[in-house]
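Reading through the structure tokens given below for one structure.
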There are 2 protein chains.
Amino acid sequence: MTLAEVAAAAGVGESTVSRVLRRHGSYSGRTRDRVIEAVERLGYVPNRIAGTLASTASRLVAMVIPSVTNIVFTDVLNGIGGPLEERGYQAVFAVTDYDPRREESLVAAMLAWRPAAVILAGLEHTEATRRMLGAQACRVVELLDTDGPAIDLAIGISNRAAGRAGAGYLLGRGYRRIGYLGHDPFRDRRAGKRLEGFRAALAEAGRPPAAEMVLEGASSVARGREGLARLLAGAPGLDAVYFSNDDMAVGGWFHCLEAGIAVPGRLALFGHNGLDIGAALPQPLATLRTPRDAMGREAARLVLEDAPAQVLDLGFELIPGATA
Amino acid sequence: MTLAEVAAAAGVGESTVSRVLRRHGSYSGRTRDRVIEAVERLGYVPNRIAGTLASTASRLVAMVIPSVTNIVFTDVLNGIGGPLEERGYQAVFAVTDYDPRREESLVAAMLAWRPAAVILAGLEHTEATRRMLGAQACRVVELLDTDGPAIDLAIGISNRAAGRAGAGYLLGRGYRRIGYLGHDPFRDRRAGKRLEGFRAALAEAGRPPAAEMVLEGASSVARGREGLARLLAGAPGLDAVYFSNDDMAVGGWFHCLEAGIAVPGRLALFGHNGLDIGAALPQPLATLRTPRDAMGREAARLVLEDAPAQVLDLGFELIPGATA
DNA sequence: TCAGTGGTTGGCAGCGCTGCCAATCACGAT
DNA sequence: ATCGTGATTGGCAGCGCTGCCAACCACTGA
């Protein structure tokens, strides 16, 4: 079923059908009705592959994200999706699993679809990835981080500032033996930058981290729970722990509950992200809310508006909660 | 930058470049090296829009799912993604927000890309959606539910059987005043079917639900927590609650913790899905694990193998846990 | 009557690639 | 030297649509 067949059935030319279907150019009401009637009668579905090729203007947006099961990325996807769909754009995505080399090959695969924009997480990419992206006539959005040079558009927060803010809050509340528990800071560079900010703030206050533990693999509630048990076994005197994110922190809270550790009396807990689960805990988690949905929406907006290259820091909000 | 330019630069014909890049047909090693060299020197990225149009065989798979922030769907996405990418397929997705009419228009938009397969959640769709899908030469996969007639391929579990299994387990453990707490069973038809199975099993045992509460909107930990408080206020004598899923059940567990309700001594809790968070609770949640990752992988496999139309029930596993 | 005007309409050349087919080549066999 | 064979290669017609341009159609005003 092609445009030409619809045109023949409606007794009009191909370009007329094309104009009617795209509501573009001029045509009479009578013509429009005949075309619509033929389209519905034949069950015609336009071929956007052909349309995109002919117009050489793609309405595809490629998203290359580290994980789909991490709510942080899906919140962003969610924010991007709406505005994009409204304007007739289609999202294509691929998952890197936090591997820069996989990201590189996925970006190459994505560019083959000639997307209007490519959306990535973070500012760290392989040299080849940056080169490919730079050579294409498409917008590039780097999300979730503003600590470093961007390729084109960057929208996020300063993770170093977030780490500093967490440390500052704990210091301000009087905690003095502060530990860190996190997941892999090399694969998740944003978590790594928070750790850097956290360390720097504590060092400047003359109270460097009393203990640090970094676990391999992705963050999870289970890892946070087991990790805190091990961290405390090695450093029983801690009075506060800064976690790499809320998942880990919720796991930590579970450990305290199980081990009978009073929170925040004997141990304060601080997370990052401001997830719903943290707020739903019987003791709301002290954390830092990141505007993930807004990042997605802003990304979509800047791309659709064809805004000039820029770095947009959306900031974060400290949520005191009840655990610190 | 086009194929023709690369061909000119390498001093060979267009079809030769095409063959080399697709590793298809025959060409000499010397020719291959020259082509590869030219491709790399020029930074050529093939245009898959044109390739797909020319070959009339798309390697796009469309996924139309209710939500990206619900881990149930992203687990499935995750399972699908790997095998698909390996075979050079690309995933395109859109989010319905549990709205069948939105699903309809998104399916129409997706079909315009002439996907090799369309993947949907559940078996309930509008008449127009079914008609469109039936009229296209693409595979259709309906995921997460096997209770009803499928369009083409269906992969999932019987949600009615799951509801029955949950009820059966609670009855078997001696609970007699069993309540239900769930999210919207009409928008989430799978939750609705579990509720049906749950009710049926209890009714057959002569112990119909002692209380039922259905909350509007999506499931969440916070809703489970508040909902259980309200459910118990209206029916204080319950000795067990079956939740529409683990998120709700974890929220319920939080309420019990806060209200000092002994679990499972005074109140047993049972969820659905087998999420990590339930297993990481200090008391592992009694639940029913659904093979979401496997559903995704099987969906990809059947589509890639071009398997005949079928309904594949992957079954579930009852996790006794410690809350029931 | 005739040119001028603005709204409609159809024809057709691409968009960049693939698939088919015919041409060419290398090389051992005759 | 000639032929047959299979591997290698290039040319070119589409894939289904869009964008451009020219043609056409009332009408109007001079």
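Chain letters run A, B, ... following the sequence lines, proteins first, then strands; residues in each count from 1. Quick caveat, the model's predicted, so the values are computed rather than measured.
Close approach of DNA chain C to chain B, defined as any atom under 4.0 Å from a non-hydrogen atom of the protein, starts and stops at C:dG16 to C:dG19.
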I would like to know whether A:V17 and A:V12 meet side-chain contact (heavy atoms from CB on, under 4.5 Å); could you show each step before the answer? CA-CA 7 Å; A:V17 177; A:V12 300; 3.6 Å; yes
Output, in order, the C-alpha distance, side-chain angles, deciding distance and verdict of side-chain contact (heavy atoms from CB on, under 4.5 Å) for A:T2 and A:E14. CA-CA 10 Å; A:T2 68; A:E14 293 181 37; over 6 Å; no
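The two residues A:A154 and A:L123 make their nearest non-hydrogen contact at CB-CD2, 4.2 Å. Counting all heavy atoms, side chain and backbone alike, B:I80 lies closest to B:A300 at O-CB, 4.0 Å. Annotation for A:P100 and A:T126: closest pair O-CG2, 3.7 Å, computed over non-hydrogen atoms. Residue A:A62 comes nearest to A:M110 through the heavy atom pair CB-SD, 3.7 Å, listed as atom of the first residue, atom of the second, then distance. When every heavy atom of A:A299 is checked against every heavy atom of A:L143, the shortest pair comes out as CB-CD2, 4.0 Å.
One axis for each end of the helix from C:dT1-D:dA30 to C:dT30-D:dA1, each built from five base pairs, and the angle between them comes to 60° at 10° resolution.
Residues B:H125 and B:E104 have side chains that never bring a donor and an acceptor to within less than 3.5 angstrom of each other. Side-chain contact, B:S105 with B:R101: no donor N or O sits under 3.5 Å from an acceptor N or O. Side chains of B:N78 and A:T69: a donor-acceptor N/O pair is absent below 3.5 angstrom, by distance only.
For the segment residues 18-33 of chain B, residues with any heavy atom less than 4.0 angstrom from an atom of DNA chain D are, sorted by number, B:R19, B:S26, B:Y27, B:S28, B:T31. Near DNA chain C, defined here as any heavy-atom distance below 4.0 Å, the residues from residues 38-49 of chain B are B:Y44, B:P46, B:N47, listed numerically. Residues of residues 110-117 of chain A having a heavy atom closer than 4.0 Å to DNA chain D: none are found. Sorted by residue number, the list of members of residues 1-9 of chain A with any non-hydrogen atom under 4.0 Å from DNA chain C is empty.
Judged by closest nucleotide on DNA chain C, A:T16 is the one of B:S55 and A:T16 placed further toward the 5' end. Remark on DNA chain D: of its neighbouring residues B:T56 and B:G11, the 5'-side contact belongs to B:G11, judged by nearest-heavy-atom nucleotide.
Taking A:T96 as the reference, nothing meets the side chain to side chain donor-acceptor pair (under 3.5 Å) condition, with sequence neighbours excluded. Considering only residues two or more places apart in sequence or on other chains, A:R297 meets the salt bridge (Lys or Arg N to Asp or Glu O under 4.0 Å) condition with A:D293. Qualifying side-chain contact (heavy atoms from CB on, under 4.5 Å) partners for A:I157, counting only residues two or more places apart in sequence or in other chains: A:N159, A:A162, A:H272, A:T290, A:P291, A:M295, A:D313, A:F316. For B:S58, there are no side chain to side chain donor-acceptor pair (under 3.5 Å) partners two or more places apart in sequence or in a different chain. Applying the side-chain contact (heavy atoms from CB on, under 4.5 Å) test to B:E124 and every residue at least two apart in sequence or in another chain returns B:D145, B:R189, B:K193.
Taking 4.5 Å as the limit, some side-chain heavy atom of A:R19 sits within range of a side-chain heavy atom of A:S15.
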What donor-acceptor contacts under 3.5 angstrom involve side-chain atoms of residues 85-95 of chain B, with partners at least two apart or in another chain?
residue	atom	partner	partner atom	Å
B:E85	OE1	A:R102	NH2	2.6

